[in-house]
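Presented below is the structure to which this report refers.
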Amino acid sequence: MNSYRVTDPISVMLKVENSYVPHSLPKGAIVSLEELPTDFNRHVIVNWNDKNTLMFARELLFRAERVSEDE
């Protein structure tokens with residue numbers, strides 16, 4: 001699992017029950033995902049505070065930094 005720390009707030013779609021609602025991940029939030037796709041224009045599902053959120057992969061590239069397993 002890959003983990004990232006948000007360095008600049010990111011707009012995401014948060015899964016609530018059976019639908020997604022707009023939300024913003026705050027600076028410092030830690031998110032995780034299985035694998036970052038090679039097409040950064042695609043959406044990815046990331047885990048944040050045990051919740052699934054939908055976001056563009058490129059947001060992780062520009063608004064987050066990879067963190068080590070130790071953090």
Side-chain angles (χ1 to χ4, degrees):
M1 180 112 8
N2 297 310
S3 295
Y4 294 83
R5 178 181 297 111
V6 175
T7 57
D8 196 26
I10 299 174
S11 294
V12 299
M13 298 300 286
L14 179 65
K15 188 168 186 178
V16 177
E17 295 180 13
N18 291 328
S19 62
Y20 285 91
V21 296
H23 193 72
S24 181
L25 296 181
K27 181 178 180 177
I30 301 292
V31 299
S32 58
L33 72 157
E34 288 296 323
E35 185 176 328
L36 194 60
T38 55
D39 180 357
F40 292 110
N41 292 316
R42 297 190 58 146
H43 283 99
V44 292
I45 296 174
V46 300
N47 184 285
W48 171 64
N49 287 345
D50 293 324
K51 300 173 189 162
N52 285 333
T53 63
L54 185 64
M55 64 188 298
F56 281 108
R58 72 174 169 260
E59 295 294 327
L60 286 176
L61 185 65
F62 295 111
R63 297 178 183 259
E65 60 189 4
R66 184 121 185 239
V67 295
S68 68
E69 298 286 327
D70 299 336
E71 292 187 56

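Cluster membership for Val46 and Phe62, using ILVMFWY side-chain heavy atoms within less than 4.5 angstrom, is shared. Leu54 and Val12 fall into different hydrophobic clusters, where Ile, Leu, Val, Met, Phe, Trp and Tyr side chains are chained together by heavy-atom contacts under 4.5 Å.
Between Leu33 and Leu60, some side-chain heavy-atom pair lies under the 4.5 Å cut-off. The side-chain heavy atoms of Ser11 and Phe56, taken from C-beta on, include no pair separated by under 4.5 Å. Trp48 is not listed as a side-chain neighbour of Met55, based on a closest heavy-atom distance of 4.5 Å or more.
Summarising the geometry, atom CG belonging to Asp8 is positioned 9.0 Å from atom CD belonging to Glu59; distances are rounded to the nearest 0.5 Å. The distance from the CZ atom of Arg5 to the NZ atom of Lys27 is 11.0 Å, given to the nearest 0.5 Å.
For Val67 against Tyr4, the heavy-atom pair with the smallest separation is CG2-N, 4.0 Å. The shortest non-hydrogen separation linking Asn49 to Asn47 is N-OD1, 4.1 Å. Nearest heavy-atom pair across Val6 and Leu25 is CG1-O, 4.1 Å. Heavy atoms only, all atoms of each residue included: Met13 and Tyr20 are closest at O-CD2, 3.3 Å. The two residues Lys15 and Glu17 have their closest heavy-atom pair at CE-O, 3.5 Å.
Formation of a donor-acceptor pair under 3.5 Å by the Thr7 side chain with backbone atoms of Arg63 is found in this model. With hydrogens and angles ignored, the 3.5 Å screen pairs a side-chain donor or acceptor of Asn2 with a backbone N or O of Glu34.
By the 6.0 Å contact criterion, CZ on Arg42 is open, its count of non-hydrogen atoms from other residues, nucleotides or ligands being 12 or less.
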